[in-house]
A.B. asks: 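Below: one structure in structure tokens.
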Amino acid sequence: MVRLITHNLLACHAKGCTTNNFPLQFKDVSIELREAEFNADFLKGLLPRIEWKALVDAARQLGDTSLPLEQPEMVDDEFLKNLHHVLLEMHIEEGAMVCPNCSHVYAISNGIPNMLLSEHEIA
Amino acid sequence: MSRPELQAPPELYYGDTEAKKYTNNTRVQQIQADMTYRALELLSLPEDEPALLLDIGCGSGLSGEILDEEGYNWIGVDVAPSMLEVALEREVEGDLFLQDIGQGFGFRPGSFDGAISISVLQWLLNAETSHPTSSPPHRLTRFFTTLHSALRNPSRAIFQFYPTSDDQIQLITSIAQKAGFGGGVVVDYPNSKKARKVYLCLFVGSGGAQQVPKGLDGEEEV
Ligand SMILES: [Zn+2]
């Protein structure tokens with residue numbers, strides 16, 4: 001149940017890993033689509049918090065090309081519908097997220113990413 | 001019998017059997033629900049604005065179900081895989097993470113509009129090994145520092161928890177303050193042995209200038 005809304009907020013938290021630790025890279029992922037309730041106000045409130053390039057890259061990696069490379073200045077319904085689908089309806093079920101900096105692998109199993117660090121990785 | 005947090009670390013204490021037993025206990029459900037509603041009240045989010053919340057120690061999703069009902073988007077973290085399994089079975093809406101909060105979070109700054117935590121913080125007061133990163137002050141510091149950064153400015157984080165002494169409350173609040181939080185402790189029904197509940201109310205940013213809410217008193221609700 002990792003959705004891209006969550007992936008977009010997530011950086012690596014291993015010890016000493018403070019730069020180039022976002023976004024985590026998907027590896028061997030399988031996804032499932034599940035409908036979610038559309039809420040335009042929630043999406044608009046979220047927009048300023050989103051790292052746009054990371055979101056578009058992640059969506060494209062998962063096979064969705066509906067989002068423009070640049071975040072549009074004018075927000076219309078079609079755009080919000082696409083954004084809704086990308087952020088909230090694509091669920092990563094299996095696979096892993098890999099830190100681009102320290103290469104820590106956060107395995108995803110049954111939709112749940114394992115964020116536990118081993119002792120030497122704890123800050 | 002001694003308190004759960006003194007018997008074993010949470011991921012061991014809440015194995016498959018205990019996780020199901022806990023979740024299906026109607027008394028537990030009712031108390032957890034009451035405390036979740038109270039935590040949301042203390043969180044005092046702006047009305048009619050959708051929010052993204054962090055549920056710290058979300059367990060089997062008892063609090064998450066209420067967040068779903070109330071229309072919040074949320075992300076839940078818990079260290080007990082068996083609890084998360086039950087949450088999956090119950091089909092809660094939030095994204096679930098297997099995470100030890102004492103190791104800190106990696107969420108980008110300003111990710112969440114608020115955080116709640118029901119019956120969890122006391123688990124951080126017990127060391128599991130002699131390694132320096134597992135001492136309670138170290139874990140609390142790492143937890144509060146990374147949580148503070150993950151929250152928006154202004155916002156709040158509300159923790160219902162079961163301290164065993166004033167020293168514990170003192171330790172927790174002083175570390176939270178060092179991490180940048182304002183706020184303090186709210187005690188509901190302080191004179192009732194059964195209904196007494198402790199909430200740590202933490203404020204980020206200009207929320208810190210606000211008064212700590214008053215505890216409930218008088219007629220007990222439970
Ligand atoms: Zn890393």
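Numbers restart at 1 for each chain; the letters A, B, ... are given by sequence-line order, proteins then strands. What you see is a predicted model; the values in this text were computed from it and never measured.
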A.B. asks: For the residue pair B/T133 and A/E119, establish whether any side-chain heavy-atom pair is separated by less than 4.5 Å.
C.D. replies: yes
A.B. asks: Measure the shortest side-chain to side-chain distance between B/I75 and A/L9 over non-hydrogen atoms and say whether it is less than 4.5 angstrom.
C.D. replies: yes
A.B. asks: Under a 4.5 Å cut-off applied to non-hydrogen side-chain atoms, are B/F97 and A/L10 in contact?
C.D. replies: yes
A.B. asks: Is B/Q99 close to A/I112 at the side-chain level, that is, under 4.5 Å between some pair of heavy atoms?
C.D. replies: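 The answer is no; the side chains never approach within 4.5 Å.
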A.B. asks: At a heavy-atom separation under 4.5 Å, does B/A150 approach chain A through its side chain, its backbone, both, or neither?
C.D. replies: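 The answer is neither part of B/A150.
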A.B. asks: Suppose a student defines contact as a heavy atom less than 4.5 Å from any heavy atom of chain A. Which residues in residues 81-96 of chain B would they list?
C.D. replies: B/L84, B/E85, B/L88, B/V92, B/E93, B/G94, B/D95, B/L96
A.B. asks: May I ask you to list the residues in residues 102-109 of chain B that approach chain A closer than 4.5 angstrom, counting heavy atoms only, ordered by number?
C.D. replies: B/Q103, B/G104, B/F105, B/G106, B/F107, B/R108
A.B. asks: Where is the tightest heavy-atom contact between A/F42 and B/P50, given as atom of each residue plus distance?
C.D. replies: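 Reported closest heavy-atom pair: N-CG, 3.4 Å.
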A.B. asks: Donor-acceptor check, side chain of B/H138 to backbone of A/A123, threshold 3.5 angstrom: yes or no?
C.D. replies: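 Pair found, side chain donor or acceptor close to backbone of A/A123.
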A.B. asks: Please classify the contact between B/D48 and chain A as side chain, backbone, both or neither, with a heavy-atom cut-off of under 4.5 Å.
C.D. replies: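 The answer is neither part of B/D48.
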A.B. asks: Taking A/E51, A/H91, A/R34, A/E37 one by one, which has the highest count of heavy-atom pairs under 4.5 Å against chain B?
C.D. replies: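 That would be A/E51.
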A.B. asks: Could you check if a side-chain atom of B/V79 sits within less than 4.5 angstrom of a side-chain atom of A/L116, using non-hydrogen atoms only?
C.D. replies: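 Sidechains of A/L116 and B/V79: in contact.
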